[in-house]
Amino acid sequence: MKIVFATGNVHKLQEINEIAQGTDIEFVLPPDGFDPMENGETFEENSLIKAREAARVSEMISLADDSGLCVEALDGAPGIHSARYADTAQARIDKLLGVLKDEKNRKAKFVCAMTLVDKDGNILFQTRGECHGEIAYSQSGTNGFGYDPIFLVENTSRSMAEMSEDEKNEVSHRGRALRKVLEYLNNN
């Protein structure tokens, strides 16, 4: 079964297809014309906007995620604005490390809201996955993308970027949310 994954981010697409290995589901990119207006106020609202837009342009069952990094000391920021916190991935990391420079409370979590819709945009299933940890004082690791090099996973001494893909997929917010979606699809 092919399901459109509402993203232009090939890293995310690869990641979810790796998590879905062993199932009969293949996630594919949306066709040309996919250009959602992410103006929701929550991860859930933005994932629904993206899923419905993917379903509209593809006329297929579509799955979307909206995810981000929520830092306790920053009242949950950058949150839904994580991808737009600065112009590049490195600039986002540098900005966050700068803002938290003297902060002792470095608790944070990655959040991923996923919404599955039918080809007409009707909600079939919604869920959320979270991965708790804290923000490191400096970058480490070369795997992953985004904030992975500065996110220390709870109960480990490693950043997301220091983990293998399999290890990351096991504990990540996206992995946790996607496994719930796959379970729903398997049972329905």
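The first residue of the sequence shown is numbered 1, and numbering continues consecutively from there.
Expressed to the nearest 0.5 Å, how far CG of L152 lies from OG of S140 amounts to 6.5 Å. Here OG of S164 is found 7.5 Å from CZ of R158. Values are rounded to the nearest 0.5 Å. Residue N46 holds its CG atom at 7.0 Å from CG of N39, rounded to the nearest 0.5 Å. For the atom pair OG1 of T127 and CG of L116, the computed distance is 11.0 Å after rounding to the nearest 0.5 Å. Atom CD1 of I80 sits about 8.0 Å away from atom CD of E45, to the nearest 0.5 Å. Expressed to the nearest 0.5 Å, how far CD1 of I93 lies from CD1 of I150 amounts to 5.0 Å.
Because its NZ or CZ atom is both nearer than 6.0 Å to the ring centre of F145 and within 45° of the ring axis, K168 counts as a cation-pi partner of that residue.
Scanning all heavy atoms of the two residues, the minimum distance from L63 to I3 falls at N-CG2, 3.9 Å. Nearest approach of A54 to S58, heavy atoms of both residues: O-OG, 2.6 Å. The minimum heavy-atom distance between C70 and G79, with the atom names listed, is SG-CA, 4.0 Å. A pairwise comparison of heavy atoms in A6 and P30 identifies CA-CG, 4.3 Å as the closest pair. Residue I135 comes nearest to L69 through the heavy atom pair CD1-CD2, 3.8 Å, listed as atom of the first residue, atom of the second, then distance. Of all heavy-atom pairs spanning E53 and F34, the tightest one is CG-CD1, 3.7 Å.
Counting only distance, with no hydrogens or angles, the side chain of R92 and the backbone of A83 share a donor-acceptor pair below 3.5 Å. Between the side chain of R106 and the backbone N or O of A136, at least one donor-acceptor pair lies under 3.5 Å. Between the side chain of S62 and the main chain of A55, a donor-acceptor pair closer than 3.5 Å is present. Of the possible polar contacts, one joining the N9 side chain to the H11 backbone as a donor-acceptor pair under 3.5 Å is found. Side-chain atoms of K50 come within 3.5 Å of backbone atoms of D65 as a donor-acceptor pair (strictly under, hydrogens ignored). The closest donor-acceptor contact from the side chain of R84 to the backbone of P78 lies at 3.5 Å or more, if one exists at all. The closest donor-acceptor contact from the side chain of N143 to the backbone of M163 lies under 3.5 Å.
More than 12 heavy atoms of other residues, nucleotides or ligands lie within 6.0 Å of CG in D120, so this atom counts as buried by the packing criterion. By the 6.0 Å contact criterion, CD on E183 is open, its count of non-hydrogen atoms from other residues, nucleotides or ligands being 12 or less. Under a cut-off of 6.0 angstrom, the local environment of CD in E59 is sparse, with at most 12 non-hydrogen atoms contributed by other residues, nucleotides or ligands. Heavy atoms of other residues, nucleotides or ligands lying less than 6.0 angstrom from CG of N188 number more than 12.
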Query - Derivation of the side chain to side chain contact (heavy atoms under 4.5 Å, CB included) call for D66 and T42 - result: CA-CA 9 Å; D66 195 55; T42 65; over 6 Å; no
Requested in this report: Could you check Y85 against V99 for side chain to side chain contact (heavy atoms under 4.5 Å, CB included), going step by step and ending with a plain yes or no?
Outcome: CA-CA 12 Å; Y85 194 56; V99 169; 3.8 Å; yes
Requested in this report: Mind running side chain to side chain contact (heavy atoms under 4.5 Å, CB included) on C112 and R176 for me, showing each step along the way?
Outcome: CA-CA 9 Å; C112 175; R176 290 175 176 172; over 6 Å; no
Query raised in the report: Would R128 and V111 satisfy side chain to side chain contact (heavy atoms under 4.5 Å, CB included), going step by step from the backbone distance to the final call?
Result: CA-CA 7 Å; R128 177 187 264 236; V111 173; 3.5 Å; yes
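In the hydrophobic clustering of ILVMFWY residues, with side-chain heavy atoms under 4.5 Å counting as a link, M37 and F43 come out apart. The hydrophobic cluster containing V4 does not contain F125, counting ILVMFWY residues as joined when their side-chain heavy atoms lie under 4.5 angstrom apart, directly or transitively. L13 and M114 fall within the same hydrophobic cluster, defined by Ile, Leu, Val, Met, Phe, Trp and Tyr side-chain heavy atoms under 4.5 Å apart, directly or through other members. Cluster membership check: L124 shares its hydrophobic cluster with F27, using side-chain heavy-atom separations under 4.5 Å among Ile, Leu, Val, Met, Phe, Trp and Tyr. By the rule that hydrophobic residues join a cluster once side-chain heavy atoms approach within less than 4.5 Å of another member, I61 and V117 end up as members of separate clusters.
Here A77 pairs with L74 under the side chain to side chain contact (heavy atoms under 4.5 Å, CB included) rule; sequence neighbours left out.
Considering T7, L29, N17 in turn, T7 is the only one that fulfils the side chain to side chain contact (heavy atoms under 4.5 Å, CB included) rule with K12.
Contact check for I19 versus R179: side-chain heavy atoms found under the 4.5 Å cut-off.
Using a 30° and 60° split on the angle between ring planes, H173 and F110 fall in the parallel class, below 30°.
Within the structure, the side chain to side chain donor-acceptor pair (under 3.5 Å) test picks out the following pairs touching residues 69-83 (sequence neighbours left out): E72-N105.
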